[in-house]
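The residues of the chain are indexed from 1 along the displayed sequence.
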Amino acid sequence: MILKELTKIHFITITYYKDGVLQTCKGRVHKLDLYEQTVSLKDENHQVCSIRLSGIKEIL
């Protein structure tokens, strides 16, 4: 599965929509929850950003 491959990549940048606003988050995949359909990224400051899979526009 493509999403599980993302956990092997060190740092990724995700552009996503949250509440109708385009946002960007950069970090490592911390948790991939397929049941709740979210991915959590942890940045270099160890802050966790949770993103719904349906809101993702682009992954770099």
Side-chain angles (χ1 to χ4, degrees):
M1 179 176 239
I2 295 171
L3 293 174
K4 288 188 179 182
E5 285 295 316
L6 291 176
T7 60
K8 297 178 182 178
I9 299 173
H10 293 286
F11 277 93
I12 60 173
T13 302
I14 297 180
T15 305
Y16 63 99
Y17 287 101
K18 184 174 182 180
D19 297 327
V21 178
L22 191 63
Q23 298 182 358
T24 302
C25 186
K26 181 179 180 182
R28 290 183 175 186
V29 175
H30 174 67
K31 182 179 177 185
L32 180 61
D33 189 347
L34 297 178
Y35 181 73
E36 292 188 20
Q37 298 184 359
T38 60
V39 61
S40 298
L41 296 181
K42 185 182 279 191
D43 64 6
E44 54 250 354
N45 297 327
H46 301 289
Q47 293 179 337
V48 178
C49 175
S50 183
I51 303 167
R52 297 212 31 98
L53 297 178
S54 62
I56 294 176
K57 180 181 178 191
E58 181 179 49
I59 300 174
L60 300 172

Tell me whether N45 contacts the main-chain N or O of Q47 through its side chain, where contact means a donor paired with an acceptor under 3.5 Å. no
What's the spacing between [X] [atom1] and [Y] [atom2] if we round to 0.5 Å?
X: K57; Y: I51; atom1: NZ; atom2: CD1; value: 14.5 Å
X: L53; Y: E36; atom1: CG; atom2: CD; value: 11.0 Å
X: L32; Y: T38; atom1: CG; atom2: OG1; value: 7.5 Å
X: K26; Y: L41; atom1: NZ; atom2: CG; value: 11.5 Å
X: E44; Y: H46; atom1: CD; atom2: NE2; value: 9.0 Å
X: K31; Y: S50; atom1: NZ; atom2: OG; value: 8.5 Å

ILVMFWY network linking [X] to [Y], side-chain heavy atoms under 4.5 angstrom:
X: I12; Y: I56; value: yes
X: L34; Y: Y16; value: yes
X: V48; Y: V39; value: no

Does any non-hydrogen side-chain atom of R28 lie less than 4.5 Å from one of F11? yes
